[in-house]
Student: 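Structure provided below as structure tokens; questions to follow.
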Amino acid sequence: MTHDTNDSPGLFDKFLSENRIFRDREVLRHSYRPHILPHRKPQIDQIAAILAPALQTETPSNILIYGKTGTGKTASVRYVGTELESVSARRGTICRVIHLNCEVIDTQYRVLAQISKMILGEEDPSSDKTRIHIPMTGWPTDQVYSELKNQIDTSTGVFIIILDEIDKLVKKSGDDTLYNLTRINTDLSRSKVSIIGISNDLGFKTFLDPRVLSSLSEEELVFPPYNAPQLCDILQQRAAIGFAEDALDDEVIPLCAALAAQEHGDARRALDLLRISGELADRGNGSKVTIEHVKKAQAKIETDSMVECIKTLPTQSKIVLYCMLLLHRAGQRIFISGDVTRIYKELTPFLEIDVLTARRISDLISELNMLGVINTRLVNRGRHGRTKEMWFDTSTEKIWEVIMEESDGRLAQVDEQIVIQIMR
DNA sequence: GTTCCACAGGAAGTGCGGGCCT
DNA sequence: AGGCCCGCACTTCCTGTGGAAC
């Protein structure tokens, strides 16, 4: 099976052969929802306590939830939501949980239309012909609002609307949506609506009208970041299902947890690290994930985000970076702003772009430093003045690649002769 | 002790495009 | 359509700086 062959039938054989590392890779993605959420019991209990009145068809308080990415906000809320729905179904009451992600659905119209769509979605279409689907575009907003109100009020239950990444909605289209939604209860006679807002950004409250804020944050919850031991438990739990038995070295999970804990206790990051470590081991045909794989995975995540960062750089920054790469290639491990500016000034006439001043280049250099693409250090060289030294502390190969393929390949077309002449 | 280099980086201003109100 | 304001990318002008060289 492992014999060398160029025949295409054998091409995928080695990938299809029984997998020694993974049992179920999906478990290690952050989209996977586990049945138990370690270290979130207090928060889950609290949410459950706040939502419990819904089972008596009373209106639960609105909740505002804060926490950094990867702290289990969405997972906890979804968990409580599904539990609530199933318990209420057993008791014969009506509780509907509607989950929206405001990063995707980011205008008032789309939020209202989506809620309506999700309410009607599961119902037997023949049961009630008086209600119409709201088109995804076209109606005036107040008509959408009143139609939504009708749809909600035809049942006698409690609707819990979860607005995930609510800060995105507020920043993009203001707080009108929230104002209307928080007041909807006053227009309803039979059913009730309660809102849960989830936000990454603690400062988003300042964008809200005080009336909306006080109504929305009847209850507030903060999800603290996980620490390393907690991340260990989370990874342990997923690894038990996701990885084959004995596929992980003992130190692997603690290392993933420790690295992710340094980065603000982000469980997503920890899971990515573990999954990518596994993928690297898998592709390397190993039978065990080792701490070497974790280190490689960490490096891969870092370069991947570096590549992403450089790709999105403005053209002028890319050119400044290119000048630094030229100096680096010429053997200068450390270079100063004067060098970079000189190369830049000599290079730019060959490119069809505006030529920036040294002052502006100085700012661009600082930005590159802030982004972690380069390192800088202020130095005084006595007679030779005060300047900024800079250097790359990662391999420049990836940066070269990205710079070459970006900016319409303009930099890749720079004649080698010109470069030699400039670098003299 | 004095000079003076080679910049850093603050302040203020310009020009431009986008969003918003009227 | 027109006016207004805001943020941005960038410029011009400027003052400040620490230590090697004199």
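Within every chain, numbering begins at 1; the chains are lettered A, B, ... in the order of the sequence lines, protein sequences first and strands thereafter. The shown structure was predicted, so the numbers you read here are calculated from the model rather than taken from an experiment.
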Student: Enter the inter-axis angle for the ends of the helix from dG1(B)-dC22(C) to dT22(B)-dA1(C) (five pairs per end, rounded to 10°).
Tutor: 10°
Student: Closest approach of W391(A) and R333(A), non-hydrogen atoms and distance?
Tutor: CB-O, 3.3 Å
Student: Scan side-chain atoms only and decide if Q43(A) and S76(A) contain a donor-acceptor pair under the 3.5 Å cut-off.
Tutor: no
Student: With a cut-off of 6.0 Å (strictly less than), are more than 12 heavy atoms of other residues, nucleotides or ligands near CG of D393(A)?
Tutor: yes
Student: Does E292(A) pair with K296(A) as a salt bridge, N-O distance under 4.0 Å?
Tutor: no
Student: S191(A) and T156(A): side-chain donor and acceptor closer than 3.5 Å?
Tutor: no
Student: The criterion is side chain to side chain contact (heavy atoms under 4.5 Å, CB included); which residues satisfy it with Q298(A), sequence neighbours excluded?
Tutor: L259(A), R269(A), L273(A), E302(A)
Student: Do V158(A) and I160(A) have side chains that get closer than 4.5 Å, going by heavy atoms?
Tutor: yes
Student: What parts of residues 344-370 of chain A reach DNA chain C, counting only heavy atoms under 4.0 Å away?
Tutor: V355(A), L356(A), T357(A), R359(A), R360(A)
Student: Between D272(A) and R268(A), is there a salt bridge with N-O shorter than 4.0 Å?
Tutor: no
Student: Please list, pair by pair, any protein nitrogen or oxygen found under 3.5 Å from a nitrogen or oxygen in nucleotides 13-15 of chain B.
Tutor:
none

Student: What are the residues of residues 372-391 of chain A, sorted by number, that bring a heavy atom to within less than 4.0 Å of DNA chain C?
Tutor: N380(A), G382(A), R383(A), G385(A), R386(A)
Student: Under a 3.5 Å threshold, yes or no: a donor from one side chain and an acceptor from the other, between K295(A) and S277(A)?
Tutor: no
Student: Is the ring centre of F22(A) less than 6.0 Å from the ring centre of F243(A)?
Tutor: yes
Student: With sequence neighbours left out, which residue pairs that include part of residues 336-351 of chain A fulfil the salt bridge (Lys or Arg N to Asp or Glu O under 4.0 Å) condition?
Tutor: D339(A)-R342(A)
Student: May I ask you to establish whether R40(A) and Y226(A) are in a cation-pi arrangement, using a distance under 6.0 Å from NZ or CZ to the six-membered ring centre and at most 45° from the ring axis?
Tutor: yes
